[in-house]
Protein chains: 2
Amino acid sequence: MRPKKPDIDRIFHALGDPTRRAIMEKLSHGPISVSRLAEPLDITLAAVVQHLQVLEESGLVQTEKVGRVRTCRIEPAGLAAAGQWIDDRRSVWERRLDRLGDILALPDETE
Amino acid sequence: MRPKKPDIDRIFHALGDPTRRAIMEKLSHGPISVSRLAEPLDITLAAVVQHLQVLEESGLVQTEKVGRVRTCRIEPAGLAAAGQWIDDRRSVWERRLDRLGDILALPDETE
């Protein structure tokens, strides 16, 4: 299946859940089958499948079924889109701080 | 009021809403009063106040009331915490790709 286009609303919503973030942490170390993903998480396979659906719909994760095994992997474009949104806000905010710093460094002409 | 400690669950949940992201975009250009924030967003003041509460509870925004005016500003630690979480996942994932690249570059000893 082709990966979903990153959906920034769904990406941030998906990352707002600690179990889904734990899945992303696990997947950052490499692709893994759904059943092996469920083992250390101490939740049912059905719950993992549901979380994976949310992650896949957002564009953060890609899954592929070969035979009877479904393998999950990180879809890097999803994390990149979320990181870019955050970086853009921070850079606007930091440029503003730099400008304020420049103004404060100017000699005070009222003296 | 002291800013809230960043809460990563609440931060990502808060950023999953397009109106709240629009508020963050506006605030990245500098502090602004609640009423001026509401003007271009084409939603009621009550709705803006609700969104601001979600952003403030997560640690993304700080608000302060002086006299009758409540001013909102970005709390940079919130965006930094979210950015750090994303960067950490991406760097683990990229280091793994680098290692795979190194393995592929090794001479094939079975030849």
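Letters A, B, ... mirror the listed sequences (proteins, then strands); counts begin at 1. The basis for the numbers below is simple: all heavy atoms, side chains too, and nothing from hydrogens, waters or symmetry mates.
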Discussion item. Taking side chain as everything from C-beta outward and backbone as N, CA, C, O, which of these in B:Ile11 sits under 4.5 Å from a heavy atom of chain A? Side chain, backbone, both or neither.
Written reply: neither

Fill in: Among the listed options B:Arg10, B:Met24, B:His29, the residue most often paired with chain A at heavy-atom distances under 4.5 Å
B:His29

Worksheet item: Which residues, numbered in order, of residues 88-95 of chain B come under 4.5 angstrom of chain A by heavy-atom distance?
Response: B:Arg89, B:Arg90, B:Val92, B:Trp93

Item to complete: Examine whether an atom of B:Arg21 lies under 4.5 Å from a heavy atom of chain A, and if so say whether it belongs to the side chain, the backbone or both; otherwise answer neither.
Response: both

Worksheet entry | Distance-minimising heavy-atom pair for A:Arg96 and B:Gly30 | NE-CA, 3.3 Å

Worksheet entry | Close side-chain approach of B:Ile86 to A:Ile86, heavy-atom, < 4.5 Å | yes

Worksheet item: When you look at CG of B:Asp42, are more than 12 heavy atoms from neighbouring residues, nucleotides or ligands closer to it than 6.0 Å?
Response: no

Discussion item. For B:Ala14, which atoms come within 4.5 Å of any heavy atom of chain A: side chain, backbone, both, or neither?
Written reply: neither

Worksheet item: Which heavy-atom pair separates A:Phe12 from B:Leu15 by the least distance, and what is that distance?
Response: CD1-O, 3.4 Å

Fill in: A:Leu79 side, atom CG; B:Asp87 side, atom CG - distance, nearest 0.5 Å
9.5 Å

Worksheet entry | Single-linkage hydrophobic cluster A:Leu45~A:Val69, side-chain heavy atoms < 4.5 angstrom | no

Discussion item. I'd like to know whether CG of B:Asp102 has more than 12 heavy-atom contacts from other residues, nucleotides or ligands below 6.0 angstrom.
Written reply: yes

